[in-house]
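Single-structure report; data block below.
It should be emphasised that the depicted structure is a prediction, and the values quoted were computed from it without experimental measurement.
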Amino acid sequence: MKTALILNGPNLNLLGTREPAVYGSHTLADVEKLCAQACATHGFVLDFRQSNHEGELVDWLHEAGRLQVAGTLAGVILNAGAYTHTSVALHDAIKGTGITLIELHISNVFAREAFRHHSYISPAAKAVMCGFGVSGYALAIAGLAGMQAGD
């Protein structure tokens with residue numbers, strides 16, 4: 001079974017308490033459970049991580065590249081949080097490793113502040129998902145499964 005690596009960036013550890021009108025009331029632990037169920041449905045092993053540190057996310061993307069080359073990684077689902085709008089380093093790590101990556105956002109970033117409309121991640125991502133709330137994680141896992149099947 002291949003692994004689905006779910007990476008969550010800064011402030012996602014605050015889910016459930018941070019701006020519930022924007023992000024909902026589910027916690028990151030709730031999201032992890034939802035991802036575990038979706039991975040089980042699609043035959044993936046779940047590896048679920050969160051960091052507030054850009055360098056750690058870069059290191060994890062490098063690790064993902066090695067796993068994908070080894071044939072054990074289905075792909076990465078990345079909710080980079082605010083780093084989406086600022087991090088050339090994450091963009092370069094995705095491009096440099098050649099990983100299959102889905103960019104994910106809980107909220108519809110295009111319905112929010114103008115600075116959130118630009119993503120450094122999107123040009124390097126295989127797909128982008130936003131605005132489905134935490135349900136977007138399960139949808140992204142289903143999308144990753146479709147990519148594996150060649151759909």
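Note: the hydrophobic cluster containing Leu101 does not contain Met129 (ILVMFWY, side chain heavy atoms under 4.5 Å, direct or indirect links). A single hydrophobic cluster is not seen to contain both Phe44 and Val76; linkage of ILVMFWY side chains at heavy-atom distances under 4.5 Å, directly or through other members, places them apart. Cluster annotation: Leu104 and Leu46 are assigned to the same hydrophobic cluster (Ile/Leu/Val/Met/Phe/Trp/Tyr, side-chain heavy-atom contacts under 4.5 Å, transitive). Cluster membership for Ile121 and Leu12, using ILVMFWY side-chain heavy atoms within less than 4.5 angstrom, is not shared.
Of the possible polar contacts, none joining the Gln50 side chain to the Leu7 backbone as a donor-acceptor pair under 3.5 Å is found. When atom types are taken as modelled, the side chain of His85 and the backbone of His118 share a donor-acceptor pair closer than 3.5 angstrom. Asp30 contributes a side-chain N or O that, together with a main-chain N or O of Thr27, makes up a donor-acceptor pair within less than 3.5 Å. At distances below 3.5 Å, at least one donor-acceptor pair connects side-chain atoms of Asn52 with backbone N or O atoms of Asn11.
With sequence neighbours excluded, no residue satisfies side-chain contact (heavy atoms from CB on, under 4.5 Å) with Lys33. Taking the side-chain contact (heavy atoms from CB on, under 4.5 Å) definition, one finds that Ser122 meets it with Glu103, Ser119, Val128, sequence neighbours left out. Here Thr97 pairs with His62, Ile99 under the side-chain contact (heavy atoms from CB on, under 4.5 Å) rule; sequence neighbours left out.
Taking the side chain as every heavy atom from C-beta outward, Arg49 and Leu5 approach each other to under 4.5 Å.
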I'd like a table of donor-acceptor pairs (distance under 3.5 Å, sequence neighbours excluded) in which one partner is a side-chain atom from residues 137-147, with atom names and distances.
from: Tyr137; atom 1: OH; to: Asn8; atom 2: OD1; distance (Å): 2.6
from: Tyr137; atom 1: OH; to: Asn79; atom 2: ND2; distance (Å): 3.1

Could you tabulate the donor-acceptor pairs under 3.5 Å formed by side-chain atoms of residues 65-74, not counting sequence neighbours?
from: Gln68; atom 1: OE1; to: Thr100; atom 2: N; distance (Å): 3.0
from: Gln68; atom 1: NE2; to: Gly98; atom 2: O; distance (Å): 3.2
from: Thr72; atom 1: OG1; to: Leu67; atom 2: O; distance (Å): 3.3

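Smallest separation of non-hydrogen atoms from Pro10 and Ala82: CG-N, 4.2 Å. Considering every non-hydrogen atom in both Cys39 and Ala4, the closest pair reads SG-CB, 3.8 Å. Across all their heavy atoms, Ala80 and Leu90 have their closest contact at CB-CD1, 4.0 Å.
Within the model, atoms NE2 of His26 and CG of Leu34 stand 7.5 Å from one another, a figure rounded to the nearest 0.5 Å. If you take CD1 on Ile102 and CD1 on Ile6, they are separated by 8.5 Å, rounding to the nearest 0.5 Å.
The other residues sharing a hydrophobic cluster with Val88 are Tyr120, where clustering joins ILVMFWY side chains under 4.5 Å apart.
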